[in-house]
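Below, chains carry the letters A, B, ... as their sequence lines are ordered, and counting in each starts from 1. Below, all heavy atoms of this structure are taken into account, side chains as well, without hydrogens, waters or symmetry copies.
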Number of protein chains: 4
Amino acid sequence: MASRGVNKVILVGNLGNDPEIRYMPSGGAVANITIATSESWRDKATGEQREKTEWHRVALFGKLAEVAGEYLRKGSQVYIEGQLQTRKWQDQSGQDRYTTEVVVQGFNGVMQMLGGRQGGGQGAPMGGQQQQQGNWGQPQQPAAAPKQNFAPQQQQQAAPQQQAPQQPQQQYNEPPMDFDDDIPF
Amino acid sequence: MASRGVNKVILVGNLGNDPEIRYMPSGGAVANITIATSESWRDKATGEQREKTEWHRVALFGKLAEVAGEYLRKGSQVYIEGQLQTRKWQDQSGQDRYTTEVVVQGFNGVMQMLGGRQGGGQGAPMGGQQQQQGNWGQPQQPAAAPKQNFAPQQQQQAAPQQQAPQQPQQQYNEPPMDFDDDIPF
Amino acid sequence: MASRGVNKVILVGNLGNDPEIRYMPSGGAVANITIATSESWRDKATGEQREKTEWHRVALFGKLAEVAGEYLRKGSQVYIEGQLQTRKWQDQSGQDRYTTEVVVQGFNGVMQMLGGRQGGGQGAPMGGQQQQQGNWGQPQQPAAAPKQNFAPQQQQQAAPQQQAPQQPQQQYNEPPMDFDDDIPF
Amino acid sequence: MASRGVNKVILVGNLGNDPEIRYMPSGGAVANITIATSESWRDKATGEQREKTEWHRVALFGKLAEVAGEYLRKGSQVYIEGQLQTRKWQDQSGQDRYTTEVVVQGFNGVMQMLGGRQGGGQGAPMGGQQQQQGNWGQPQQPAAAPKQNFAPQQQQQAAPQQQAPQQPQQQYNEPPMDFDDDIPF
DNA sequence: TTTT
DNA sequence: TTTT
């Protein structure tokens with residue numbers, strides 16, 4: 001609750017994919033999203049326009065995770081305020097690996113959908129579309145397998161994630177998920 | 001120069017070690033520091049006070065790197081404003097690895113020393129002490145081997161880091177360095 | 001150029017009106033916009049939903065002012081990063097008054113249009129519409145009287161605003177503009 | 001509780017005076033402080049070094065106000081995170097006036113003392129000194145007239161400030177206070 | 001004055 | 001993978 005120092009990340013960018021929603025044993029939701037930010041500049045040497053995209057791994061917890069799961073979609077533009085967190089995990093060979101994420105949680109976390117009518121009131125169901133005005137989806141049913149448990153696979157240390165809510169960060173142990181492509185983490 | 005989105009990190013914390021300064025082939029300085037931020041809370045289950053420290057890897061470039069090298073020391077408190085950047089490297093076994101850092105560079109980067117008279121005027125030499133009022137050192141000579149070259153080891157692709165200054169991020173290739181203590185990366 | 005301390009404001013909100021563009025004697029552009037942010041909550045006493053809107057006075061300078069004048073319109077959603085600045089002026093009775101603004105200028109200033117295709121490429125002229133997809137206008141001609149001079153009225157102290165560009169803030173002297181309604185400043 | 005938009009201010013600077021603490025009818029504490037941030041640059045025309053100081057009016061509420069009253073002193077360096085708020089009041093002649101402040105309150109508000117051991121543990125009493133290592137005072141008794149009531153003067157509209165805690169901003173009515181020196185408001 |  |  002108290003903190004020594006400041007650990008704050010602010011992002012505005014677009015989702016590279018639909019959010020992935022999971023539920024912790026406690027029932028709390030976790031949403032994982034990836035957000036792109038980019039910079040462009042003119043290369044002084046070649047004179048050509050160049051662009052570099054940075055991909056950010058973001059984890060939202062609790063109510064914000066649910067909102068993300070319901071309203072955000074691939075391409076959605078979003079404002080995120082969270083904190084940096086590096087978590088340790090073991091790869092297949094048992095070697096320590098570290099993954100840094102932006103954790104959006106509790107009172108310090110902010111998630112604001114940008115750029116459109118706020119998913120509000122217009123009633124019309126989404127019908128499978130992927131993108132729409134303001135570029136987020138309609139409220140979505142938790143879909144597929146709701147409340148599926150968080151499944152720590154090779155690491156069997158259940159206790160630690162049974163964390164009481166007063167912890168500053170509800171941690172979770174899992175290897176970084178599989179991504180189907182060359183996302184650099 | 002132009003950017004699409006916002007990628008901003010703000011940290012206030014203390015250095016876990018003295019800065020490590022290097023120089024790129026271009027002569028530009030790079031300072032690597034690690035900054036601790038922490039949170040404490042009362043564990044509702046056990047009733048005891050708990051604390052969690054997060055370590056942040058920060059890379060400063062150019063003038064700010066020089067200032068960091070001269071004035072910051074282990075324990076120094078600092079305000080940092082930079083951006084998140086994940087860079088790819090290969091470990092000993094040739095496997096891809098990713099490291100996320102806070103890059104402080106150019107016009108968007110800010111580094112402010114906190115907690116003391118600003119390295120200014122009081123004249124008295126430091127005499128080897130590690131920490132002092134305001135907890136940063138006196139201006140330090142680049143020491144040891146100044147202007148030592150940045151040494152990309154297994155990767156021999158010099159050209160890319162010959163980047164013109166107009167690039168948003170001067171990149172550099174190196175495995176994460178060794179730390180002599182329990183900083184988890 | 002150097003700074004002691006941090007002075008940063010971050011806003012995401014919608015414009016209450018079209019930007020007002022002026023030009024300083026130097027030819028530099030200044031755009032004044034007002035941005036709304038709001039909070040809503042359930043009143044515990046009455047049980048009803050309540051909302052409070054905060055209006056922010058923002059001044060953009062230079063290139064960002066030009067971009068604002070061209071692309072932003074009443075209702076546009078925008079991300080702003082600037083600094084707080086309070087300037088002193090005299091009201092009709094000669095009494096000192098102070099107005100606080102968010103100044104967006106130079107390398108520390110950021111303005112990002114949110115929520116739509118970035119004014120780019122689709123070619124179709126705007127045809128007098130006030131709002132469109134993504135809610136900003138097409139590039140607009142400086143309209144009316146371009147390059148009209150900044151006209152300090154009752155205060156005739158031209159020299160101070162002849163400021164060299166290396167000043168951290170190009171100041172300008174003018175009474176707060178007339179607003180046609182109850183904007184609270 | 002919910003918010004549309006982002007309204008965030010981040011300051012790092014030094015207090016121009018000791019905090020002024022008051023108590024609202026509800027018993028909640030309010031601390032008013034002024035924080036200086038400054039920028040310096042070399043005047044290109046004259047070649048001389050110049051400096052400009054910006055003064056920020058900050059109001060802290062609740063627990064943070066109490067901490068501010070106990071530990072902060074004139075000269076203390078502090079990190080502040082709050083939101084911009086402009087409040088209306090009437091001057092002696094009944095004219096509407098507006099004052100913009102940085103409000104630090106609730107879950108979004110942050111106040112971090114910088115630059116010293118955190119009031120903790122070193123035991124040695126302060127002995128009336130005003131400033132010390134790390135530049136903040138020892139815990140201070142609320143002094144003088146604790147729990148003195150907030151005194152709305154010309155405005156007698158008690159009810160509105162009887163606000164339930166779920167309101168985003170506990171407002172208070174008062175003219176800006178007198179400062180004994182050259183702080184420009 | 002915006003927006004939802 | 002996004003977006004312009």
Whole angstroms only, please: what is the [atom1]-[atom2] distance between [X] and [N]?
X	N	atom1	atom2	value
D:R4	E:dT3	CZ	P	10 Å
C:H56	E:dT2	NE2	C1'	11 Å
A:R73	F:dT2	CZ	C1'	15 Å
A:D18	F:dT3	CG	C1'	15 Å
A:L11	F:dT1	CG	P	21 Å
A:N32	F:dT2	CG	C1'	17 Å
C:L114	F:dT2	CG	P	20 Å
A:N14	F:dT3	CG	C1'	4 Å

Partner residues of C:S38 under the side-chain hydrogen bond (donor to acceptor under 3.5 Å, both in side chains) criterion, sequence neighbours left out: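 Result, side-chain hydrogen bond (donor to acceptor under 3.5 Å, both in side chains) vs C:S38: C:E51.
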
B:W89 and B:T99 side chains, donor-acceptor separation under 3.5 Å: yes

Polar contact flag, side-chain donor to acceptor under 3.5 angstrom, C:T100-D:E101: no

Candidate nucleotides [options], ranked by approach to the side chain of [X] - the nearest:
X	options	answer
A:T34	F:dT1, E:dT1, F:dT2	F:dT1
C:W55	F:dT3, E:dT1, E:dT3	E:dT1
A:A36	F:dT3, E:dT1, F:dT2	F:dT2
C:N17	E:dT1, E:dT3, F:dT2	E:dT1
C:E51	F:dT2, E:dT3, E:dT1	E:dT3

Carboxylate-amine/guanidinium contact A:E20 A:R22, below 4.0 Å: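 A salt bridge is present here (some side-chain N lies under 4.0 Å from a carboxylate O).
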
Any residue meeting side-chain contact (heavy atoms from CB on, under 4.5 Å) with A:A65, in chain and number order, not counting sequence neighbours: A:A29, A:A31, A:L60

Any N/O donor-acceptor pair, C:T53 side-chain to E:dT2 base, under 3.5 Å: yes

